[in-house]
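Everything on this sheet refers to the single structure shown next.
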Amino acid sequence: MRPNIRQARAGDLPLLAAIEISAGNLFAGTAMAHVIGAPPSPPDALAAALMAGAIWVASDGNDAPNGFLFGKAVDGWFHILEVSVHADAQRQGHGAALLAAAVAAAPGLGCQRASLTTDRWIAWNAPFYARHGFVELAATDLPDWLAGILSREAASGLDPARRCAMVRTIE
């Protein structure tokens, strides 16, 4: 069954933490295992994305979310802050469908590019995004705000050798 993608509603927001926590368990045994048990996305960030029309949910037809993506517009870029799919719904096209919805909606948010930061080598991170048209940006090509995100990630303990920023131009 193809996932149903729609704009999130206020009633969806309390359900998203459980999805993010479940999705984080996929990192067990990887270099990103430290995300297991990490706090989910802050409710105020989710509420801001909702108000901006920058959060989407996936479902299997029962309308209850089993995945979500949210981001924010920054200087003409739609920066993806989180993509999470519940463990029970992974590897069924939900992440790809959420990504496609966000990229399609980005021009309406005033954005000509989509960006994100991710792990270079975990299969469902940079390799996944590369299959969906994202390319890694060289450090010299990063806008200051995106370089700042990578710096904050490094300061929080993420290995900078594993992290990268990726971008996709939106036509």
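Just the heavy atoms: all of them, side chains too, but no hydrogens, waters or symmetry mates, feed the values below.
When the side chains of ILVMFWY residues are joined at heavy-atom separations under 4.5 Å, either directly or via intervening members, Ile36 and Leu26 end up in two distinct hydrophobic clusters. Linking ILVMFWY side-chain heavy atoms closer than 4.5 Å, directly or via other members, places Val135 and Trp124 in two distinct hydrophobic clusters. A continuous path of Ile, Leu, Val, Met, Phe, Trp and Tyr side chains, each step under 4.5 Å between heavy atoms, connects Leu81 with Ile19, placing both in one hydrophobic cluster. There is a path of hydrophobic side-chain contacts, each under 4.5 Å, that joins Val103 to Phe128. A chain of hydrophobic side-chain contacts below 4.5 Å, direct or via other Ile, Leu, Val, Met, Phe, Trp or Tyr residues, connects Leu109 to Phe134.
A distance of 11.5 Å separates NE2 in His86 from CD in Gln92, rounded to the nearest 0.5 Å. With rounding to the nearest 0.5 angstrom, the CD atom of Gln112 is 10.5 Å from the CH2 atom of Trp77. Taking NE2 from His94 and CG from Asp88, the interatomic distance works out to 10.5 Å, rounded to the nearest 0.5 Å. With rounding to the nearest 0.5 Å, the separation of CG in Leu158 from OG1 in Thr117 is 8.0 Å. Separation of atoms CG (Leu13) and CG (Leu46) is listed at 6.0 Å; rounding is to 0.5 Å. Rounding to the nearest 0.5 angstrom, the gap separating the CG atom in Asp159 from the CE atom in Met32 is 10.0 Å.
Here the side chains of Leu137 and Cys164 are not in contact, with every heavy-atom distance at 4.5 Å or above. No side-chain heavy atom of Trp56 sits less than 4.5 Å from a side-chain heavy atom of Arg6. With contacts defined as side-chain heavy-atom distances shorter than 4.5 Å, the pair Ile149/His79 qualifies. Side-chain contact between Pro107 and Ile170 is present, with heavy atoms from C-beta onward closer than 4.5 Å. Between Pro65 and Arg9 there is no side-chain heavy-atom pair separated by less than 4.5 Å. Residues Leu99 and Ile80 meet the side-chain proximity criterion, which asks for heavy atoms closer than 4.5 Å.
The two residues Ser59 and Ala64 come nearest to each other via the heavy atoms CB-O, 3.2 Å. Considering every non-hydrogen atom in both Gln90 and Ala23, the closest pair reads NE2-CA, 3.5 Å. The nearest pair of heavy atoms linking Ala54 to Gln7 is N-NE2, 4.4 Å. The heavy-atom pair separating Arg120 from Ala126 by the smallest distance is O-CB, 3.4 Å. Of all non-hydrogen atoms in Ile122 and Pro127, the two that sit nearest each other are O-CD, 3.1 Å. Of all the heavy atoms in Met166 and Thr118, the pair that sits closest is SD-CG2, 3.8 Å.
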Q. Between Leu69 and Glu82, is a side chain to side chain contact (heavy atoms under 4.5 Å, CB included) present by the stated rule, with each step listed?
A. CA-CA 5 Å; Leu69 179 153; Glu82 181 66 38; over 6 Å; no
| Where do Arg113 and Phe78 land on the side chain to side chain contact (heavy atoms under 4.5 Å, CB included) test, with the steps shown first? | CA-CA 6 Å; Arg113 293 178 189 88; Phe78 182 73; over 6 Å; no
- Please step through side chain to side chain contact (heavy atoms under 4.5 Å, CB included) for the pair Leu15 and Val57, ending with a clear verdict. CA-CA 10 Å; Leu15 307 173; Val57 297; over 6 Å; no
CA sep, side-chain torsions, deciding dist, call: Leu146, Val74, side chain to side chain contact (heavy atoms under 4.5 Å, CB included):
CA-CA 9 Å; Leu146 191 49; Val74 181; over 6 Å; no
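The closest side-chain donor-acceptor pair between Asn66 and Asp60 falls under 3.5 angstrom.
Although no hydrogens or angles enter the test, the distance criterion places a donor-acceptor pair under 3.5 Å between the side chain of Ser151 and the main chain of Ala147. Side-chain atoms of Arg163 do not come within 3.5 Å of backbone N or O of Ala154 as any donor-acceptor pair.
Around CG of Asp44, the count of heavy atoms belonging to other residues, nucleotides or ligands within 6.0 Å exceeds 12. Heavy-atom neighbours of Arg91 CZ from other residues, nucleotides or ligands within 6.0 Å: at or below the threshold of 12.
Aromatic ring pairs are classed by plane angle as parallel below 30°, tilted from 30° to 60° and perpendicular above 60°; the pair Phe68 and Phe70 is parallel.
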